[in-house]
Amino acid sequence: MTSNSEIAHHLYELARLATLAEGSSNAFRVRAYETAARSVDGASEPVSEMTEAELTALRGVGKSTASKIRELVETGSIARLEELRAQFPPGFVSLTRVPGVGPKTAVRLRDELGIKDVDDLRAAIERHDLRDLPGMGEKTEDNIRAAIELLGVGGKENRTPIIEAIRVARDVCEAIERVPGVESAEPMGSLRRFRDTIGDIDIIAVSTGDPEAVMRRFVELPIVRDIVGYGARKSAIVGAMGIQIDLRVVEPVQFGSAAVYFTGSKAHNIRLRQMALDRGWTLNEYALSEIGTGRVVASQTEADVYAALGLPWIPPEIREDDGEIEAALAGELPIFASERDLKGDLHVHTDLSGDGHVPLGEMIEALAARGYRYAAITDHGENLTINGAPREQLMSQRKAIARLRPRFPDLTILHGCELNIGRDGSIDYDAEFLAGFDFGVASVHSHFGLSIDEQTARVISAMRNPAVNVIGHLTGRRIGKRPGIDLNLDAVLEVAADTGCAIEINCHLDRLDAPSEVLRRAMEHGGVVFAISTDSHRVSELANTANGIRLARRGWIDRSRVVNTWPRKRFLNWVAKKRSAA
DNA sequence: GCCGTTTTCGGCCCGACTGTTTTCAGTCG
């Protein structure tokens, strides 16, 4: 069976190559392929099993695309795509990844200079061939050369893990906020949408003063390695690690429309602008306004803009044109959890773990200070060679917890353990010892290279273990460093629903695991529940709940399915039920 | 290529900045 994401992938490639054929990524055909790809990607039913008539019922899929999808499912390829691949081989496509080289330029370079890939381009630049083309000049040639040097061949498509981007963005925003007249500077774009990786950092500064003063400060920041653009309203720099940072300066009254505009996604914005046009309005970064008269309909806050378009405010994390507009119109957006809904943290380490840093008493004090009603202390089980704790130490930790409990009458402290899921799905310790714990998180920490069937089997086996209440960081990925394990998700989620074993929403920015795509899929399995847990190894990390809340939003997780928003009694019943299952 | 209470043609989201141009095309987001 061809999966929805495989089909979507083919359609995205079609869009990409059509960009070259059409000469613009804004060409209607290109956008049509992209819309169809998103639609297929977001479909809840297997698209490969749909008839042509059912396919055309999908938004953005018409007769032509429907028949291409059937062709792909039945023959394994799409003739039109093969044609385009022959016309634009991978080496040539890579030319368009160079910053400053778009589809028009790439085609001209090929037709007029015989440039077939980036190596050819480098050589042509050395020979100063580019500057002699009509419409190009010394400066253009120089800019392309510099772009290749600074950003590498991948150029436009290099993405930065969110954990790095968020730090850079914070530093830049703080520096911008020190400029007189600046009321605020905040990251927008994919960072605000909380994607795992960030292409470039978009920042909006709200200023009552001179925008040029803000821009001057921006391009003079110590982080700047190159200035890509410099204008009164918009500037762009390349900073450390090659991250591009775009800054826009707006007036306070424009903040709402600017935030909508620069948060995106592009596809989400296009939907909003279409809705604006339907009402005789136009939406840009400055305002939602009447066509013709220019009368401003809304601009000050995002909520104003959405409300004018007949929508509730839509959280940035789900602005992907992935069904959020339809859900919002129907009043069917999930009720998302907020930080104050969280009544406990269910994955917390102390210095008993080799990688932990905080003594038990201090950690519990910090948990109590957050106002939690319950919490689970979950140091590593002994099978994690370096960081795991032996039985005797866990037994004495249990006694220490018992001694601490009277000091924290409002906090139910569960003695738990982060168990390791072995190659075969077994976990640390024997059943009798495991039964002594109040709570269990089981996670994959090794054997990342097993087959999808082996990975699926071991995770399912752990879920069925009565000592396991939550599967920690389901895929084991480290964003930008290590891909997650391959899993047959539907099989895993079915067992999660069946056993009541929760899927962790790990708050660490390095993990954000389970990933949002997995969470959204899991939401479609009725009965699957989730735990927003910090996996803290330090007191400061307890505040990472903010990340988990955002990841949960990105995964469309309804608050009612998050076990650690439940009142203590209901939560403890859920814990006990799982542990008593045969 | 898609779509339709403007329904089978003629529309389709919006603007800043750059470089090379005398009015705009290309790139980017």
Side-chain angles (χ1 to χ4, degrees), chain A residues 11 14-15 18-19 21-39 55-69 80 96-109 130-144 147 155-157 188-191 193 198-204 211 215 227-237 244-250 254 257-258 260-278 280-289 291 309 321:
Chain A
L11 294 175
L14 212 41
T19 301
E22 302 281 330
S24 165
S25 59
N26 288 324
F28 300 118
R29 190 174 278 114
V30 174
R31 280 172 37 194
Y33 284 140
E34 283 173 351
T35 309
R38 263 197 315 282
S39 204
L55 285 169
T56 51
L58 293 170
R59 189 174 63 81
V61 178
K63 238 177 122 153
S64 168
T65 305
S67 89
K68 286 187 176 68
I69 292 173
R80 178 62 187 145
T96 65
R97 294 200 184 94
V98 175
V101 180
K104 290 248 170 51
T105 307
V107 169
R108 281 194 64 197
L109 291 174
L130 268 62
R131 59 181 65 178
D132 297 330
L133 292 180
M136 299 189 90
E138 210 173 316
K139 196 76 196 266
T140 304
E141 186 178 87
D142 220 43
N143 284 345
I144 294 175
K156 291 181 263 196
E157 284 165 26
M188 301 282 147
S190 51
L191 197 51
R193 297 202 311 281
I198 306 308
D200 51 21
I201 297 172
D202 296 295
I203 295 172
I204 292 186
M215 290 308 183
I227 299 169
V228 181
Y230 184 61
R233 289 173 161 152
K234 170 182 170 179
S235 294
I237 59 121
Q244 181 167 327
I245 306 170
D246 295 357
L247 177 68
R248 304 285 298 230
V249 180
V250 302
Q254 301 166 329
S257 39
V260 168
Y261 190 87
F262 295 113
T263 297
S265 66
K266 186 175 143 195
H268 178 86
N269 284 354
I270 288 175
R271 291 297 300 281
L272 295 185
R273 289 197 208 103
Q274 282 165 343
M275 294 178 73
L277 281 181
D278 290 343
W281 300 334
T282 177
L283 176 62
N284 59 27
E285 56 263 61
Y286 305 111
L288 175 65
S289 54
I291 293 172
L309 295 173
D321 189 22

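Chain letters run A, B, ... following the sequence lines, proteins first and then strands; every chain starts at 1.
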With A/I69, the side-chain contact (heavy atoms from CB on, under 4.5 Å) member among A/L55, A/L58, A/T56: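 Testing A/I69 for a side-chain contact (heavy atoms from CB on, under 4.5 Å) against A/L55, A/L58, A/T56 leaves exactly one candidate, A/L55.
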
Using atom [atom1] of [X] as one end and atom [atom2] of [N] as the other, report the distance to the nearest whole Å.
X: A/R248; N: B/dC14; atom1: CZ; atom2: P; result: 15 Å
X: A/L277; N: B/dG4; atom1: CG; atom2: P; result: 16 Å
X: A/D278; N: B/dG11; atom1: CG; atom2: P; result: 16 Å
X: A/Y33; N: B/dC3; atom1: OH; atom2: P; result: 14 Å
X: A/L130; N: B/dG19; atom1: CG; atom2: P; result: 15 Å
X: A/D142; N: B/dT18; atom1: CG; atom2: C1'; result: 14 Å
X: A/K68; N: B/dC2; atom1: NZ; atom2: C1'; result: 12 Å
X: A/R59; N: B/dG4; atom1: CZ; atom2: C1'; result: 15 Å

Whole-Å [atom1] distance, [N] and [M]:
N: B/dT27; M: B/dT20; atom1: P; result: 14 Å
N: B/dG11; M: B/dT18; atom1: P; result: 34 Å
N: B/dG29; M: B/dT23; atom1: C1'; result: 24 Å
N: B/dC3; M: B/dT8; atom1: C1'; result: 10 Å
N: B/dT21; M: B/dA16; atom1: P; result: 24 Å

Pairwise 5' ranking along DNA chain B for A/L283 and A/R80, keeping only the more 5' one: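 Comparing both residues, the 5'-ward one is A/R80.
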
Closest-nucleotide 5' rank along DNA chain B - winner of A/V61 and A/F28: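 Comparing both residues, the 5'-ward one is A/V61.
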
Among [options], the one nearest [X] by side-chain distance:
X: A/N143; options: B/dT18, B/dC17, B/dC14; value: B/dT18
X: A/A32; options: B/dC2, B/dC12, B/dA16; value: B/dC2
X: A/S64; options: B/dG15, B/dC12, B/dC2; value: B/dC2

By salt bridge (charged side-chain N to carboxylate O under 4.0 Å, His left out), which residues pair with [X], not counting sequence neighbours?
X: A/R248; answer: A/E285
X: A/R80; answer: A/E83
X: A/D132; answer: none

Test side chain to side chain contact (heavy atoms under 4.5 Å, CB included) applied to A/T19 - qualifying residues, sequence neighbours left out: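 Result, side chain to side chain contact (heavy atoms under 4.5 Å, CB included) vs A/T19: A/S25, A/V30, A/P103.
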
Non-neighbouring partners of A/S67 that pass side chain to side chain donor-acceptor pair (under 3.5 Å), sequence neighbours left out: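 Testing A/S67 for side chain to side chain donor-acceptor pair (under 3.5 Å), a comparison that skips the adjacent residues, returns none.
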
Under 4.0 Å, counting only non-hydrogen atoms across every strand here, what does [X] touch: a base, just sugar-phosphate, or nothing?
X: A/L272; answer: nothing
X: A/A232; answer: sugar-phosphate
X: A/V30; answer: nothing

For B/dA16, the Watson-Crick or wobble partner whose two distances fall under 3.5 Å: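 When the pairing criteria are applied, B/dT27 turns out to be the nucleotide that pairs with B/dA16.
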
Summary of protein contacts for nucleotides 20-29 of chain B, nucleotide by nucleotide, where a base hit scores B, a sugar-phosphate-only hit scores S (4.0 Å, heavy atoms): SS----SSBB

Any side-chain heavy-atom pair of A/I270 and A/D321 under 4.5 Å: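 SC-SC contact between A/I270 and A/D321 ruled out.
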
Expected output: side-chain A/D202 to main-chain A/M188 donor-acceptor under 3.5 Å: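 No.
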
